[in-house]
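First up is the structure itself, then whatever we jot down about it.
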Amino acid sequence: GTYGIAQTVRELSVISHSQITRLYSRFHSLDKGENGALSREDFQRIPELAINPLGDRIINAFFPEGEDQVNFRGFMRTLAHFRPVEDNEKNKDPNSGEPLNSRNNKLLFAFRLYDLDRDDKISRDELLQVLRMMVGVNISDEQLGSIADRTIQEADTNGDMSISFSEFIKVLEKVDVEQKMSIRFLH
Amino acid sequence: RACADVFQWATLRMERGAREKNQQLYKPYSNGIIAKELVSLEQEIQEVRRSGIPAPEPEFDMSDIFSFCRRGVESIVDDEVTKRFTAEELESWNLLTRSNYNFHHISTRLTVLWGVGVLVRYAILLPLRVTLAFTGVGLLVVLTSLIGLLPNGWVKSSLSEKAHLMCYRICVRALTAIITYHDSENKPKNGGICVANHTSPIDVIILASDGCYAMVGQVHGGLMGVIQRAMLKACPHIWFERSEVKDRHLVAKRLSDHVADKTKLPILIFPEGTCINNTSVMMFKKGSFEIGCTVYPVAIKYDPRFGDAFWNSSKFGMVNYLLHMMSSWGVVCSVWYLPPMRREEGEDAVQFANRVKAAIARKGGLADLLWDGGLKREKVKKVFKEEQQKMYSKVLVGVSEDSHGSEVVRGPALE
């Protein structure tokens, strides 16, 4: 039931009980196998997600390394990255560490969409993969290659031909990450 | 009505009881649970770039993925499509355990009321209704077979009409359906096609008890087959063999021929092709709109407070569903006959279909969606993802927004 969630709630930033219940109801409706966990197929059944060019990467973000199932706790944990930042005003516990929905953690979430092998660097190949997912067949390999090169050139400050997390943060320092990577609940 | 008041009281009592025991309340959401961006995806990505001026070289901004990412996660939390294929959540409780999550033993009074309800529904109403249903169907078969023996002519059609109407009205009683028909001056006439939104097989009974239609469907075996063959004797209906259904030209030809014959009844078609949960109208298949005759749109809206009429065919079989319906309190619905529509100059079948769909959605108070009801069972087509990719490529390369711009980024473009 929803009482087991209390534990999870303490780990995440402040989230109201009614929101947890709604998300649990949503989790349950996606869980067609009714085994308390979601598989990748369960996510792919959502048409709007299936047509999203980055759909597969986003789905991947929900699954821990090497796992094929995500339980409600994991589901909530991933979604917690998208809580709006101002809600943290209520959560001033110094021991809780950086909340999942901080600007930094939102950027890390996005960084990991690129960095598939988790080596904390976005290589040219990894960048190309994401670009290819987003443009489909509409741009040639050469053109895409030069776009990737230009992007790395602009971001790479230490000359290792790849983008580290701190270089990533620098490139995006003017972007309103909090707004773009937040989902607001009604009520 | 008294019933609605009782239901309201029951809900409030339950909520009060829950609060007293400090249990948390589950309130169903009606308008979505998250606030989504009103700008389209394309606009959001464009904002980051120099507006209007095509860039000399394609600009990739690493923040582009944020928009895709957030929208993806939004659709995980709440999407427009998957919720249409399960029963709508109700705000007040109608004394059926099926429809409210807050049901626990809250008070004796409430439980007693519920118990009495169960008794009444299963011991009194259900047997009565099942008998009526059998009578209705039986009479239909017998009468239509008898009428089929008569020579074609005015007498036959008139008798056939009366027989059909009578039997459908018996079936309506069998479901205790309280139907309000609006704007009956727009009722479908011969030589046209009647289109309606589809929620359940009961839709047919509701419409056919107020007017005579030619039905369209696949030939079935068993009891359904018997009924179909009997109906065919009394007046022309359009039953297709399974193999014929795949042949679009054949289907179109038979429909056109029927429509051209002004002595034949208007055809009843449900262009969504599948049952939707009555909160929205989904994509209309264009077949019926290509024929070029007058279309009579009809909107059907069930009142969810009295029972959920939606048939979730992946969860329940037909018999199960009918028993479900007959052991509920009843069905309350409204039917609106909309003014006839014809295809206009320069409008293709798909645009015409969407125009009709929008009219029906507006009248019935339903959401108008472009998504295909077929998504209940099938995966979404790849072409829609390809459209998203195409749109992004255009923005990347710096092509300025053309006037047709893909304004619908949330839903698929039309085939």
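Per chain, numbering begins at 1; letters A, B, ... match sequence-line order. As the structure is a computational prediction, the values presented were derived from the model and not from experiment.
In this structure, the portion of A:L113 lying under 4.5 Å from any heavy atom of chain B is its side chain and not its backbone. Proximity to chain A is limited to the side chain of B:L375, based on heavy atoms less than 4.5 angstrom apart. The contact between A:L107 and chain B is made entirely by side chain atoms (from C-beta outward), counting heavy-atom distances below 4.5 Å. The contact between A:L49 and chain B is made by backbone and side chain atoms together, counting heavy-atom distances below 4.5 Å.
Donor-acceptor pairing under 3.5 Å is lacking for the side chains of A:S146 and A:D149. A donor-acceptor contact under 3.5 angstrom links the side chains of B:T279 and B:R84, judged on distance only. Between A:S39 and A:E41, the side chains place a donor N or O and an acceptor N or O closer than 3.5 Å (distance only, hydrogens not considered). There is a side-chain donor-acceptor pair under 3.5 Å between A:R57 and A:Q129. There is no side-chain donor-acceptor pair under 3.5 Å between A:S102 and A:N104.
Heavy atoms of other residues, nucleotides or ligands lying less than 6.0 angstrom from NZ of A:K121 number 12 at most.
To the nearest 0.5 Å, atoms CZ (A:F111) and CZ (A:R118) are separated by 10.5 Å.
Within residues 151-164 of chain A, the residues approaching chain B closer than 4.5 Å by heavy atoms are, in numerical order, A:T151, A:I163. Applying a 4.5 Å heavy-atom cutoff, the residues of residues 30-38 of chain A that approach chain B are A:L30.
In this pair, A:F62 and A:F43 present their aromatic rings tilted. The plane angle is within the 30 to 60° band. Using bins of under 30°, 30° to 60° and over 60° for the plane-to-plane angle, the ring pair B:W311/B:Y321 lands in the tilted bin.
Evaluation of the side-chain hydrogen bond (donor to acceptor under 3.5 Å, both in side chains) rule for A:R40 yields A:N60, A:D68 as partners, not counting sequence neighbours. Partners of B:F68 by ring-ring contact (aromatic ring centres under 6.0 Å, His included), not counting sequence neighbours, listed by chain and number: B:Y392.
In this structure, A:R45 contributes its side chain and B:T82 its backbone to no donor-acceptor pair below 3.5 Å.
Highest contact tally toward chain A, considering only B:E386, B:K379, B:K385, is held by B:K385 [criterion: heavy-atom pairs under 4.5 Å]. The residue among A:M181, A:M134, A:Q44, A:Q143 with the most heavy atom pairs within less than 4.5 Å of chain B is A:M134. Ranking B:V81, B:I76, B:V73 against chain A, the residue ahead of the rest is B:I76, based on heavy-atom pairs under 4.5 Å.
Aromatic ring centres of A:F109 and A:F82: separated by under 6.0 Å.
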